There are 2 protein chains.
Amino acid sequence: MEEQNKKILLVEDDPNFGTVLRDYLMMNDYDVVHAKNGMEGFEKFKKDDYDLCILDVMMPYKDGFTLAKEIREKNTDVPIVFLTAKAMKEDVLKGYKVGADDYLNKPFDSEVLLMKIKAIMQRKATETIADSKQFEFEIGRFHLNSKLRFLRFDDEEPVKLSPKENELLRLLALHENDLMPRELALTKIWRDDNYFTSRSMDVYIAKLRKYLKPDPKVEILNIHGEGFRLVVNS
Amino acid sequence: MEEQNKKILLVEDDPNFGTVLRDYLMMNDYDVVHAKNGMEGFEKFKKDDYDLCILDVMMPYKDGFTLAKEIREKNTDVPIVFLTAKAMKEDVLKGYKVGADDYLNKPFDSEVLLMKIKAIMQRKATETIADSKQFEFEIGRFHLNSKLRFLRFDDEEPVKLSPKENELLRLLALHENDLMPRELALTKIWRDDNYFTSRSMDVYIAKLRKYLKPDPKVEILNIHGEGFRLVVNS
DNA sequence: TTATCATTTAACCTTACATTAACAAAAATG
DNA sequence: CATTTTTGTTAATGTAAGGTTAAATGATAA
């Protein structure tokens with residue numbers, strides 16, 4: 001069985017450092033795409049699927065955090081590692097908020113980076129639920145296209161979904177007829193599990209119920225204290 | 001419904017720092033068990049299940065790495081975070097080798113620690129591999145789905161069960177036709193065995209009997225002073 | 001900037017749940 | 001058989017979770 005190399009998107013504006021890092025990673029059997037700024041980074045990200053993103057925080061035009069947020073909108077799962085020169089606490093916290101998987105202060109040791117990458121890849125490997133890349137669903141008489149973020153009822157004009165609506169419905173669909181734990185949605189979509197995110201989620205459940213009303217066979221049931229269940233009655 | 005706090009094993013030999021850290025974590029809604037050295041840490045680890053281990057690296061008798069290796073032998077999944085005073089590269093690499101999930105250099109910012117803990121817990125939450133617990137039972141003409149918390153009689157509309165109803169019936173079903181000791185249910189479900197929890201349990205037995213009435217062959221018998229017995233007559 | 005859309009927070013209401021009380025009935029005990 | 005202990009059952013109470021709508025905040029693009 002041919003083992004496919006892992007693909008890394010490296011976004012680093014310093015040309016010297018970026019090239020050195022790229023070469024070093026490639027020597028260690030990673031496929032690396034090197035973007036020289038945030039804009040380019042996002043373009044490249046959209047064009048391909050990556051196993052990991054390494055983002056410099058300080059970049060002209062578009063900093064690493066902004067880029068991370070954009071990436072997160074497209075893909076909630078891909079691991080992100082930030083590179084930063086200054087070890088500012090605010091930065092670190094900001095990073096975790098956008099869902100960083102790790103954090104490295106420059107200058108860092110390349111072996112350490114390699115270890116971190118390995119650890120992250122391993123983590124992701126265990127998660128491998130078949131859900132990672134399913135984007136289209138039939139839900140009763142509805143069709144959900146989660147990539148283009150729309151929901152269509154029969155042949156009617158599709159309804160556009162907001163990012164949160166979309167992710168939530170997708171997560172429910174992935175667990176169709178089964179329990180979708182509150183905690184799962186909160187950690188995966190909201191990246192934080194507290195009173196307010198929980199209430200926010202309830203608001204989105206209400207929105208989804210409204211969208212799903214046209215088909216009486218489709219409903220979102222609550223399991224008190226546990227989560228929700230998207231059921232399609234036959 | 002009482003949300004179960006996450007359990008943290010903190011192994012730190014410095015009594016001042018350890019206590020401060022423990023209190024800080026407890027203030028943030030974690031259940032913390034504080035061990036003062038590696039030996040004690042391993043003892044405590046074996047006695048309970050933890051969601052996270054925070055290990056100081058430099059400790060007398062048994063250092064953090066050795067402890068981590070022992071822990072990994074017992075449990076391949078539990079996240080481990082190391083605390084270390086010196087930012088030695090060798091240490092960091094060694095840490096990752098024994099399967100660390102993260103690394104913190106003392107002195108560190110408590111908010112950063114909290115963020116890291118959150119991030120780690122989130123990762124684990126995603127893994128949600130349905131463990132091999134038994135969740136479905138046939139009880140006479142009833143079907144109990146203990147994961148989705150419903151009880152169905154023949155093909156009729158399922159009845160929703162409350163968490164306590166559900167767990168109690170599940171426990172009875174696991175002991176079908178056999179004695180289910182009062183004490184077992186009280187310690188497992190109510191986590192306390194006293195007059196009031198006992199009366200509460202009786203109330204739930206009454207509720208279950210009502211649910212089970214439709215099938216005359218199914219009944220919950222009392223064994224005076226001992227417990228209950230879910231019997232299915234043929 | 002304004003206008004627009006997404007998301008969060010607030011407010012208010014309803015439902016779900018667990019506990020406790022109260023009283024009745026069985027079972028055990030001396 | 002009288003008394004105590006345990007169990008059966010229903011109802012009342014307090015609290016937490018969820019449902020829903022609207023307003024406030026934030027973010028984005030024209």
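Chain letters run A, B, ... following the sequence lines, proteins first and then strands; every chain starts at 1. Keep in mind it's a predicted model, so treat the numbers as computed, not measured.
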Short side-chain N/O contact from [X] to OP1 or OP2 of [N], under 4.0 Å:
| X | N | result |
| --- | --- | --- |
| Trp190(A) | dT8(C) | yes |
| Arg149(A) | dA6(C) | no |
| Lys210(A) | dT21(D) | yes |
| Arg209(B) | dT9(D) | yes |
| Ser198(B) | dT6(D) | no |
| Ser200(A) | dT7(C) | no |

Is the Phe65(A) to Phe82(A) ring centre distance short of 6.0 Å?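 That pair passes the under 6.0 Å test.
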
Any donor-acceptor pair under 3.5 Å joining the side chain of Arg182(A) to the base of dG18(D)?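 No such pair is found, so the answer is no.
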
Taking all atoms of both residues into account, what is the closest heavy-atom pair of Phe45(A) and Tyr50(A), and its distance? CA-CE1, 3.8 Å

Thinking salt bridges, do Arg141(B) and Asp154(B) make one under a 4.0 Å N-O criterion?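 Counted as a salt bridge, because a side-chain N and a carboxylate O are separated by less than 4.0 Å.
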
Under 3.5 Å, which N/O atoms of the protein pair with N/O atoms of nucleotides 12-15 of chain D?
none

Considering every strand and a 4.0 Å limit on heavy-atom distances, what is the contact class for Phe228(B): base, sugar-phosphate, or nothing?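 It contacts sugar-phosphate atoms only.
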
Looking at five pairs on each end of the helix from dT1(C)-dA30(D) to dG30(C)-dC1(D), what is the angle between the two axes, given to 10 degrees? 30°

If you restrict it to nitrogen or oxygen atoms, what contacts under 3.5 Å exist between nucleotides 24-30 of chain D and the protein, and what is each distance?
none

Verify, without hydrogens or angle tests, whether His34(A) (side chain) and Glu12(A) (backbone) share a donor-acceptor contact under 3.5 angstrom. yes

Phe135(A) six-ring centre to Arg170(A) NZ/CZ under 6.0 Å and within 45° of normal: yes

